[in-house]
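The structure presented is a predicted model; accordingly, all values stated were derived computationally and were not measured.
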Amino acid sequence: MVEDNRRWGFEEAEDWEYEAGRRATPPPAQPPPDDADACIGVDASGAVSVLVEFDGRVRAVRLAARWRDSIDQRSLDGAVLDAANDATMRALSRSVQAQGDLTAAEPAPVGAQVDETPLTRADAERLFAAVNAELAAFTAGLDQAVNAPVRAESRGGHVRGIAQSGQVVRFEIDDRWAHAAPNPEMEGELAEVLRALRDRGTPATRPTGSAIAELQALASDPAKLLRKVGLA
């Protein structure tokens, strides 16, 4: 029987191992290059860093060159979870700040045309009823997207995750794979699952529909609106 010399967890090490550990302190994870439109989240140990864009989409995941010297491999899933959520919260904060600084009005929806046909009371009632129906459908879909958990698994089958309400709540990594897999391979599967969780768990940001587009087009051109209701 071949002896397995790998250490799993908190086994007592020999004196020379403690001495080697003191001499070789592992470097922290090198974060991905930061851009003006992205934020970096790092776990407490510095073993994992995650770069996300302002909309929460994961751009890259990086592991420290010797991350196994910083944390037990069975703790890697928790470190990725912490780094990903830290990056997401930073991106959310930056996004809210950017929205607050935005003063220019949004352009009217593309393709929404307002004709000059007079708008009768019956027409207005039908339009508002259609708008209410589209808003109700959007709200129902939004509630389901926010409350229902979403799951994702990497194509390699080594990484799985669950997200809910825009936050990763569970992350699982195959311990045997994490023991020896090269960092680039691991970073690829980690980023793949984080991206899938974000894409599947992100609801539409605004309601859409032909009636909503028509109402927005009317509101964007007050002169036409007045003519249609017979006030100009």
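- In this structure, Arg68 has no side chain to side chain donor-acceptor pair (under 3.5 Å) partners at least two apart in sequence or on a different chain.
- Shortest non-hydrogen contact noted between Val48 and Ala79 is CG2-CB, 3.8 Å.
- Proximity of a side-chain donor or acceptor of Glu153 to a complementary backbone N or O of Val193 within less than 3.5 Å is not detected.
- With rounding to the nearest 0.5 Å, the separation of CZ in Arg170 from CG in Leu197 is 13.0 Å.
- Within the 3.5 Å criterion, the main-chain N or O of Met89 finds no donor-acceptor partner in the side chain of Ser93.
- Judged by distance alone, with hydrogens and angles left aside, the side-chain atoms of Asp82 form no donor-acceptor pair with the main-chain N or O of Ala44 at under 3.5 Å.
- Smallest separation of non-hydrogen atoms from Trp67 and Ala47: CB-CB, 3.9 Å.
- Contact of the Leu92 side chain with the Phe54 side chain is not registered, since no non-hydrogen atoms from C-beta on lie closer than 4.5 Å.
- Checked against side chain to side chain donor-acceptor pair (under 3.5 Å), Glu185 has the following partners two or more places apart in sequence or in another chain: Trp177.
- Using a 4.5 Å heavy-atom cutoff, the side chains of Arg160 and Phe171 are not in contact.
- Using a 4.5 Å heavy-atom threshold, the side chains of Val159 and Asp174 count as separate.
- Here Leu194 contributes atom CG and Ser154 contributes atom OG; the two are 10.5 Å apart, rounded to the nearest 0.5 Å.
- Shown here for Val52 and Ala87, the closest heavy-atom pair between the two residues is CG2-O, 3.3 Å.
- For the atom pair Arg90 CZ and Cys39 SG, the distance stands at 7.5 Å (nearest 0.5 Å).
- The structure places CG of Asp77 at 7.5 Å from CD of Glu172, a figure rounded to the nearest 0.5 Å.
- The shortest distance between side-chain heavy atoms of Asp43 and Val80 does not fall below 4.5 Å.
- Counting heavy atoms from C-beta outward, Leu63 and Met186 have side chains that approach closer than 4.5 Å.
- Under the 4.5 Å side-chain criterion, counting only non-hydrogen atoms from C-beta, Leu190 is in contact with Ile173.
- The closest side-chain heavy-atom distance from Val168 to Ile162 is not below 4.5 Å.
- With hydrogens and angles disregarded, a donor-acceptor distance shorter than 3.5 Å links the side chain of Arg200 to the backbone of Arg151.
- Side chains of Ile71 and Leu76 form a contact here, defined as non-hydrogen atoms less than 4.5 Å apart.
- Legend: residues meeting side chain to side chain contact (heavy atoms under 4.5 Å, CB included) with Arg57, ordered by chain and number and at least two apart, are Glu53, Asp55, Arg195, Arg198, Asp199.
- In terms of heavy atoms, Ser49 sits closest to Val42 at CB-CG2, 3.9 Å.
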